[in-house]
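Contents: one structure, followed by commentary.
Keep in mind that the numbers below use all heavy atoms, side chains included, and drop hydrogens, waters and symmetry copies.
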Amino acid sequence: MQKLPKFSRHLLILPLLLTLAGCNLVVMSPSGDIAMQQRDLIIVSTVLMLLIIVPVIFLTLLFAWRYRRSNTAATYDPEWHHSTRLEVVIWSAPLAIIIALGAITWISTHKLDPFRPLDRIDAERAIPANTKPLTVEVVALDWKWLFFYPELGIATVNEMAAPVDVPISFRITSSSVMNSFYVPALAGQIYAMPGMETRLHAVINQEGIFDGFSANYSGAGFSHMRFKFHGVNQQGFDQWVAQVREKGTALNRDTYLKLERPSEREPVRYFSTVDKDLFNAILNMCAAPGQMCMNEMMHIDRMGGGGKESAENREKLLYDNRHSDQAGGGHETPAGESRDASETKPADAQNGAGQPGDTQTMPGMQHDGHTMPGMDHGIGSDPAPAQSNSN
């Protein structure tokens, strides 16, 4: 009867343990070779660090108990100040672990570089010669995912599929803000950034339906920016492609510009045909009509710039698609203002050289007597449109 209350207290722990039954430890039990190697790296690093942490915690408790005030049998030596053997142990063990961690980190950083093509399907199988990877182009939109299959001429929203044991080559970008592409069962997260392309090479080794999502906060719809990744056999993948072609519609520029608008809880959508070079236009931030592509702007820069005549390019370089209800996310010129930057000039440019103390100001910045290359400081230039949502 006296043991029952103590036993009952132990039972109170069981409900806490049962709550762990709902945890999906997919990071520690992945289905792709890259994710498995990353899991192994986590385990090895943790074990190496525990080689120091566990003994330190144990010795801390041991010393506190052994040299407690009431233990008169313990040696009391207030004059002790040095032990060579103890110093060797204290410094050599952490140093050896740091060297081991450094070596593992160096090797893994190069081996698991997301830009590096795969050299194996799993730990026991190398990639056969002349194997062609499946190319998937990924665009992070507000707030959904768009997947292009350029070799198949199809595209999908919030759903993708890949055959088991076939290397996948991802090209990843974003249409607006920085995001992060993450399928825990497949590989680690990779950032998606507007105007930039990141890469990921991975392979799925088990069939199943896996969760993918954004791992970087990107605004109001971030929590629902999720998709399903289907790992299927080759026959299942062919059936999935046939389903997309049967049920899909056309993805042209107009359709994309409407899809690009911010929306939440976007349903799965299929596109059986895709405009040629649409992904490259998104990557270079010129999907909307009249916009200048970033690669064209960079070419002008490489050639030394376009001079004063390039002022007309200003409006072609307004990229943010979330400030307007227009399909292309473009910007309308406010009534009464000229779209030609050459029609208006700073006062000091009209009156000759500026006098001491003259300043040119842009919103949020003031530079006494200076201008910043590449920025339009002209009076009467188009104001930046008000932002409709904040991230």
Side-chain angles (χ1 to χ4, degrees), residues 31-32 121 130-175 179 181-187 192 200-214 221 224-283 287-289 321 327-328:
S31 301
I121 295 176
N130 301 323
T131 298
K132 186 177 181 180
L134 173 68
T135 300
V136 180
E137 297 167 340
V138 183
V139 181
L141 303 173
D142 292 329
W143 287 275
K144 56 262 178 187
W145 293 95
L146 176 61
F147 302 100
F148 293 93
Y149 288 78
E151 297 159 346
L152 303 174
I154 61 175
T156 61
V157 172
N158 286 345
E159 180 181 284
M160 68 165 295
V164 170
D165 294 338
V166 173
I168 311 171
S169 176
F170 291 96
R171 299 177 63 195
I172 305 170
T173 190
S174 173
S175 69
N179 234 300
F181 175 77
Y182 189 26
V183 183
L186 180 69
L200 172 64
H201 291 85
V203 61
I204 192 73
N205 301 118
Q206 299 178 19
E207 295 184 24
I209 301 177
F210 309 100
D211 291 325
F213 52 88
S214 169
H224 308 293
M225 195 172 173
R226 297 176 174 270
F227 65 93
K228 294 295 182 181
F229 177 92
H230 296 258
V232 294
N233 55 32
Q234 187 61 51
Q235 181 180 359
F237 180 71
D238 293 338
Q239 293 175 352
W240 180 82
V241 172
Q243 178 184 352
V244 172
R245 287 173 172 165
E246 179 183 355
K247 298 182 179 180
T249 57
L251 179 59
N252 52 33
R253 295 293 179 100
D254 291 337
T255 303
Y256 168 75
L257 293 174
K258 294 176 181 178
L259 178 66
E260 188 185 42
R261 296 174 181 174
S263 62
E264 299 182 30
R265 300 178 184 270
E266 190 75 20
V268 173
R269 298 173 64 177
Y270 297 148
F271 300 100
S272 55
T273 60
V274 180
D275 265 13
K276 184 180 180 181
D277 294 331
L278 178 55
F279 176 80
N280 287 329
I282 299 170
L283 174 62
N321 64 351

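Phe271 pairs with exactly one of Asn252, Val157, Thr156 by the side-chain contact (heavy atoms from CB on, under 4.5 Å) rule, that one being Val157. Among the candidates Val183, Val136, Ile172, the single residue satisfying the side-chain contact (heavy atoms from CB on, under 4.5 Å) test with Leu200 is Ile172.
Checked against ring-ring contact (aromatic ring centres under 6.0 Å, His included), Phe213 has the following partners two or more places apart in sequence or in another chain: Tyr182. Considering only residues two or more places apart in sequence or on other chains, Ser214 meets the side-chain hydrogen bond (donor to acceptor under 3.5 Å, both in side chains) condition with Asn179. Every residue meeting the side-chain contact (heavy atoms from CB on, under 4.5 Å) condition with Asn233, not counting sequence neighbours, appears here in chain and number order: Glu207, Gln235. Residues passing the side-chain hydrogen bond (donor to acceptor under 3.5 Å, both in side chains) test with Arg265 are His224, sequence neighbours excluded. Listed by chain and residue number, Pro167, Ser169 satisfy the side-chain contact (heavy atoms from CB on, under 4.5 Å) test with Pro133 (two or more places apart in sequence, or in another chain). Legend: residues meeting ring-ring contact (aromatic ring centres under 6.0 Å, His included) with Phe147, ordered by chain and number and at least two apart, are Phe227. In this structure Arg171 satisfies the salt bridge (charged side-chain N to carboxylate O under 4.0 Å, His left out) test together with Glu137, Glu197, sequence neighbours excluded. Contacts of Asp275 classified as salt bridge (charged side-chain N to carboxylate O under 4.0 Å, His left out), with partners at least two apart in sequence or in another chain: none. In this structure, Phe210 has no ring-ring contact (aromatic ring centres under 6.0 Å, His included) partners at least two apart in sequence or on a different chain. In terms of the side-chain hydrogen bond (donor to acceptor under 3.5 Å, both in side chains) criterion, Gln239 has no residue partners (sequence neighbours excluded). Residues passing the side-chain contact (heavy atoms from CB on, under 4.5 Å) test with Ala162 are Leu134, Ile168, Phe229, sequence neighbours excluded.
The CD atom of Glu151 sits 4.0 Å away from atom OG1 of Thr135, with the distance rounded to the nearest 0.5 Å. In this structure, CG on Leu146 lies 7.5 Å from CG on Leu278, to the nearest 0.5 angstrom. The distance from the CG atom of Asn280 to the CZ atom of Phe148 is 9.5 Å, given to the nearest 0.5 Å. With values rounded to the nearest 0.5 angstrom, Ser175 atom OG is found 12.0 Å from Leu283 atom CG. With rounding to the nearest 0.5 Å, the separation of CG in Asp142 from CG in Leu259 is 11.0 Å.
Below 30°, between 30° and 60°, or above 60°: for Phe237 and Tyr149 the angle between ring planes is between 30° and 60°, a tilted geometry.
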Inset, instruction - Could you check Arg269 against Lys144 for side-chain contact (heavy atoms from CB on, under 4.5 Å), going step by step and ending with a plain yes or no? - result: CA-CA 11 Å; Arg269 298 173 64 177; Lys144 56 262 178 187; over 6 Å; no

Inset, instruction - Begin with the C-alpha distance, continue with both residues' side-chain angles, and end with the deciding distance and a verdict on side-chain contact (heavy atoms from CB on, under 4.5 Å) for Val274 and Phe279. - result: CA-CA 9 Å; Val274 180; Phe279 176 80; over 6 Å; no

Inset, instruction - Under the side-chain contact (heavy atoms from CB on, under 4.5 Å) rule, what do Asn205 and Asp165 come out as? Steps first, then yes or no, please. - result: CA-CA 5 Å; Asn205 301 118; Asp165 294 338; 3.1 Å; yes

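Taking all atoms of both residues into account, the shortest heavy-atom contact from Met160 to Phe181 is SD-CZ, 4.5 Å. The two residues Asp211 and Pro184 have their closest heavy-atom pair at O-CD, 3.4 Å. The two residues Gly248 and Ser272 come nearest to each other via the heavy atoms O-OG, 3.4 Å. Across every non-hydrogen atom of Leu257 and Pro289, the tightest pair is CD1-CD, 3.9 Å. Smallest separation of non-hydrogen atoms from Ile282 and Ala287: CG1-CB, 4.4 Å.
Looking only at side-chain heavy atoms (C-beta outward), Gln206 and Val164 stay at 4.5 Å or farther from each other. Looking only at side-chain heavy atoms (C-beta outward), Tyr256 and Leu251 come within less than 4.5 Å of each other.
Here side-chain hydrogen bond (donor to acceptor under 3.5 Å, both in side chains) pairs that include residues 240-250, with residues two or more places apart or in two chains, are Glu159-Trp240.
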